[in-house]
Amino acid sequence: MSTEATAREDLRRRVTAFLAEHDPATTDRLEFLRARYDAGLAWVWFPPGHGGLGLPRALQPEVEQRLAAAGAPDNNPRANGIGLGMAAPTILAFGTEEQKRRFLRPLWTGEESWCQLFSEPGAGSDLAAVSTRGVREGDDWIVNGQKVWTSGAHRARWAILVARTDPDVVKHAGLTYFLCDMTDPGVEVRPLRQITGEAEFNEVFLTDVHIPDSQRLGGEGEGWKVATATLNNERVAIGGDIPRESGMVGVLSRTWREHPERRTPELHDRLLRMWVEAEVARLTGERLRQKLAVGQPGPEGSAMKLVFARIAQEASGLDLELLGEEGLRYSDWAMVRPERVDFTGRDAGYRYLRAKGNSIEGGTSEILRNVVAERVLGLPGEPRVDKDVAWKDLPR
Amino acid sequence: MSKLNLLYTEVEDDLRATVRDLLADRCQSSAVIAAYDGDRSLVVPLWKALATDLELAGLLVPDERGGAGASAREAAVVLEELGRAVAPVPFLTSSVVATTVLLGAEAGGPADDLLAALAAGDRTAALVVPLSTAPGAAVASLAAGAGGRVSGSVTSVAGALEADVFLVPVTTPDGTAVYAVPAEAVRIDPVVSLDMTRQLADLAVDSVPGEALIAAPAGAAAVQRGLEVGAALLASEQLGLAQWCLTATVAYLKERRQFGRVVGGFQALKHRLADLYVAVESAAAAARHAAATVAADDPDRAVATAVAQAWCGDVAVRAAEEAIQLHGGIGMTWEHPAHLYLKRAKAGQIAFGTPGFHRARLAELVELPAPTVGRGTRKAP
Ligand SMILES: Cc1cc2nc3c(=O)[nH]c(=O)nc-3n(C[C@H](O)[C@H](O)[C@H](O)COP(=O)(O)OP(=O)(O)OC[C@H]3O[C@@H](n4cnc5c(N)ncnc54)[C@H](O)[C@@H]3O)c2cc1C
């Protein structure tokens, strides 16, 4: 047997043994999730001791399927995208043993939710320009500044945070990355309503927030490197297998099947174009995952995020046209602070509006095109006026 | 094909300036946004100011029937400005569509009084069809029972919340007639709409006495004409909307700085905006042409309308989508007005037929028929 087949066989046995010991029907949900983490079945590609078994990532989907088939509870991944998709791989790559032990388990089980304190009013695409200041005071860092568009800050226990710790060097060099306690009295979260009516994101004001140096992730002045790893993870649509006809094209296909009276040759042609695009994107993602079976994703993931955003936007727009009169109606404009984001949930109007954010959040599609052009294709960058100037001397 | 003026006359420019001033003063985006939270206090005073004080409600009605004796060209200019301000007023539904339907009634008949009242802005009407009803498509009509009592229900009617009288297409043994039904006699259920600046309502009437304003079978043509003119002039509203999106986005990108530079200086964005400018200028040509053909009762009217709707509906959506994208995170917020334009544009794309519908209609008008080959007869090349 090949090593992969042996590993697969061994993993199967582990899942069976785990289920025998922890009957999903009788085990408390949280207890089950913690035990699953401790058994290394949370994310098998993570190292032993941190929820994994050091196995290829490609083996994870089977674990998920077998546990789901046995009626096991999941860790509600949709409510925890930033934690699972961004904070966890960054903590794994740059964290100390102590940090990994403290943060990864409650992150994975969903006991502690995370948010991303990166963007500021003056630093969106130009993330390296953040002006939130971190000043060292004994064993602590004192942090002051304002963050904006922070998704889920209203329910987050922890945040990944980029702050300027040295204004006297060029902007990329003066940043440090922290794990910030959202219950610190200096953290104030104000809802920011978005075009769907909901307040999914927030403004976050940081006033003399104390962050112990033990919650610094990576070295002082290494914040840009760490943040880039986070963004590469954010931008690559990894995760489990994505089935054919899932996501927005799945929703669109359902509308088509349910509304024979709305069909026209023109809409049919557009539907099938979208369907092919989505299928090709699915295969491209799968191919990328096979390439990236180990290690940190690189800038190639940016191409996937570009495609994902475009398909979600075009398919949801087409869905409204297909629905016609029904597309003119909306479920509810009420201002709520949602527990989780569901891109493909609610009504067609909501999906259309929410999808507009897909090409802005996590790096705009314009910035991602620059990443592909410059970092993947090696084309020259734009002339930079801010490269060799200390951050404090930059024009603003 | 006669050469129609695709620019603006001095009178039209003056009209635009007057409407724009009033909207700048009385139609602030914060008040429009409030409509999404159910506060429609802006609507009635704004509509009165436009309809009565500026006497815009009667633009399409000839002097001798109580109107201002202007034409679709002037109405289109007003719509450009209403689109630019996403103004939540029933100009399109009452002063264009319902009014055009009534103009289909013979002068000296029972429609005269209502037509004059609409023109004066004393009353406001809505044609009872779903907003998505396209010209040339079947119209859902209600049934008339004994003694002209009307019963039935129609969903997603635009302009219904502002109307005090409804024009109801009614099926009779002789064809379609148009009845007037007072709003008090109608159950009106407001609909939470994608575009709350043109909020829809579901209507139901149960054996309500109506007055036949246009007898069968002439009602069908009058209703079609109303929808046709509505579609033609909606293009001008879409033009105004797209122009606002372009202007606001260009202005923002001239100011917003990232990477130590003005973001609008990045060539990728300059090209995007240049392309959008070309599309919006083309929309101006298409919308102006549609308005001019309606005003001149030109034989090219139907083609011009189909072209304008096939083009402008998509351009408005594209302009609004670009506005959101190019504003970045700010564009996704409730406080910024960009979303008002996106919602109006997307709903407008569906109103009076989608661009796809109008392309199919155009195919018939210009004799470029769709293939008739069915699946069973397709051969491999
Ligand atoms: C729904 C949503 C959720 C979000 N959640 C979070 C979160 O949880 N945490 C967080 O930190 N941030 C979050 N963001 C913020 C997001 O990362 C920023 O909005 C984004 O990076 C863009 O920054 P900006 O809004 O300042 O736009 P700007 O950077 O000002 O960009 C304006 C426009 O200019 C374009 N542009 C900028 N630079 C260039 C260039 N060099 N070349 C070409 N075009 C350029 C942009 O693409 C954009 O279209 C969220 C945003 C949204 C919409």
Side-chain angles (χ1 to χ4, degrees), chain A residues 119 121-126 128-129 148-149 171 192-199 201 264-267 270 313 317 320-335 347-349 352-354 356-357 359-361 364-366 369-370 382-387 389 394-396, chain B residues 35-38 130-134 155-156 158 191-196 198 200 202 256-261 263 265-269 272 313 317 320-321 324-336 338-340 342-343 346-347 349-351 353-357 359-360 370-371:
Chain A
S119 305
S125 296
D126 188 9
V148 73
W149 329 123
K171 65 178 183 178
L192 198 54
R193 197 172 178 188
Q194 63 203 44
I195 66 175
T196 55
E198 296 183 343
F201 51 32
T264 69
E266 185 246 1
L267 290 168
R270 286 166 69 196
Q313 292 174 347
L320 279 174
E321 282 181 69
L322 176 55
L323 286 167
E325 185 197 330
E326 196 185 320
L328 295 170
R329 303 161 84 97
Y330 196 77
S331 53
D332 192 1
W333 292 113
M335 148 91 176
D347 54 300
Y352 173 71
L353 295 173
R354 182 59 187 82
K356 291 285 160 274
S359 53
I360 302 171
E361 57 201 322
T364 68
S365 287
E366 291 72 40
R369 287 190 187 95
N370 285 342
E382 297 274 345
R384 295 289 288 264
V385 294
D386 56 355
K387 263 251 135 84
V389 188
L394 286 177
R396 256 180 287 276
Chain B
Y36 281 82
D37 286 321
L131 176 60
S132 51
T133 308
T155 50
S156 309
V191 169
V192 179
S193 309
L194 178 62
D195 174 15
M196 291 293 275
R198 184 145 53 218
L200 308 175
D202 294 340
R256 174 68 173 165
R257 297 179 76 89
Q258 290 284 274
F259 306 100
R261 307 173 39 172
V263 173
F266 286 113
Q267 200 168 50
L269 299 193
R272 286 260 288 275
V317 170
E321 290 183 342
I324 300 254
Q325 176 64 22
L326 297 176
H327 277 78
I330 293 258
M332 277 297 284
T333 60
W334 190 256
E335 283 126 280
H336 194 281
H339 67 100
L340 299 172
L342 181 67
K343 292 162 187 174
K346 197 62 196 176
Q349 191 186 38
I350 296 168
T354 60
F357 175 92
R359 280 192 291 272

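We name chains A, B, ... by the order of the sequence lines, and we start the count at 1 in each one. Just so it is clear, the values below take in all heavy atoms, side chains as well, and ignore hydrogens, waters and symmetry mates.
- Only the side chain of B:Arg272 comes within contact range of chain A, with heavy atoms under 4.5 Å apart.
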Exercise. Decide side chain to side chain contact (heavy atoms under 4.5 Å, CB included) for A:Leu353 and B:Lys346; before the verdict, give the C-alpha distance in whole Å, the side-chain angles of both, and the deciding distance to 0.1 Å.
Key: CA-CA 10 Å; A:Leu353 295 173; B:Lys346 197 62 196 176; over 6 Å; no
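- With a threshold of 4.5 angstrom between heavy atoms, B:Val317 approaches chain A through side-chain atoms but not through N, CA, C or O.
- B:Ile324 touches chain A through backbone and side chain together, each having a heavy atom under 4.5 Å away.
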Quiz item: Can B:Arg257 and A:Leu394 be said to form a side chain to side chain contact (heavy atoms under 4.5 Å, CB included), step by step?
Solution: CA-CA 12 Å; B:Arg257 297 179 76 89; A:Leu394 286 177; over 6 Å; no
Quiz prompt | A:Glu321 and B:Thr354: CA distance, side-chain angles, deciding distance, side-chain hydrogen bond (donor to acceptor under 3.5 Å, both in side chains) verdict | solution = CA-CA 7 Å; A:Glu321 282 181 69; B:Thr354 60; 4.8 Å; no
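- Between A:Arg193 and B:Glu335 no salt bridge is recorded (no basic side-chain N to carboxylate O distance below 4.0 Å).
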Quiz item: Between A:Ser365 and B:Gln325, does a side-chain hydrogen bond (donor to acceptor under 3.5 Å, both in side chains) hold up when you go through it step by step?
Solution: CA-CA 9 Å; A:Ser365 287; B:Gln325 176 64 22; 4.8 Å; no
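- Using a 4.5 Å cut-off between heavy atoms, B:Val192 contacts chain A through both its backbone and its side chain.
- For B:Thr133, no part lies near chain A; criterion is any non-hydrogen pair under 4.5 Å.
- With a 4.5 Å cut-off on non-hydrogen atoms, B:Ala347 touches chain A through its backbone and its side chain both.
- A:Ile195 pairs in a side chain to side chain contact (heavy atoms under 4.5 Å, CB included) with only one of the listed residues (B:Leu342, B:Leu340, B:Thr333), which is B:Leu342.
- Here the side chain of B:Gln258 pairs a donor or acceptor atom with the backbone of A:Gly122 at under 3.5 angstrom.
- A distance-only check finds a donor-acceptor pair linking the side chain of A:Trp333 to the backbone of B:Ser193 [under 3.5 Å].
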